[in-house]
Chemist: 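Next up is a structure, given as structure tokens.
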Amino acid sequence: MSYTMDYAEEVSPGAEVISQRGVTVVVDPAAVMFLIGTELDFSEEKLSATFVFNNPNVTSTCGCGESFGVG
């Protein structure tokens, strides 16, 4: 599995909609069960800025950090 983010044109039935601090995130219904308990953060460093997913369900990750497995 991997995390993807895009602009939502519409909210599908059953989607999880989370709004906090002026930001709204829409989670696809098929992904909700794999993301329960996940914290989404934004990290800014001198030469980069990125979203950070802290998912307690992850049991394995690939070497590059782009994909993960849940068990």
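Computation of the quantities below employed the complete heavy-atom set of this structure, encompassing side-chain atoms and omitting hydrogens, waters and symmetry-equivalent molecules. The residues of the chain are indexed from 1 along the displayed sequence.
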Chemist: Distance check, rounded to the nearest 0.5 Å: Thr38 atom OG1 versus Asn54 atom CG?
Modeler: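 Reported to 0.5 Å precision, the distance equals 8.5 Å.
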Chemist: Search all heavy atoms of Ala15 against all heavy atoms of Pro29 and return the closest pair with its distance.
Modeler: N-CG, 3.6 Å
Chemist: Transitive ILVMFWY cluster of Leu35 at side-chain heavy atoms under 4.5 Å: who else is in it?
Modeler: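 Members other than Leu35 - counting any ILVMFWY side chain reachable under 4.5 Å - are Met1, Tyr3, Met5, Ile18, Val23, Val25, Val27, Val32, Met33, Phe34, Leu40, Phe42, Phe51, Phe53, Val58, Phe68, Val70.
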Chemist: Taking all atoms of both residues into account, what is the closest heavy-atom pair of Gly37 and Pro56, and its distance?
Modeler: O-CD, 3.4 Å
Chemist: Could you report the tightest heavy-atom contact between Thr24 and Ser19, atom names first, then the distance?
Modeler: OG1-OG, 2.9 Å
Chemist: To the nearest 0.5 Å, how far apart are CG in Asn55 and OG1 in Thr61?
Modeler: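 So the CG of Asn55 and the OG1 of Thr61 are separated by 11.5 Å.
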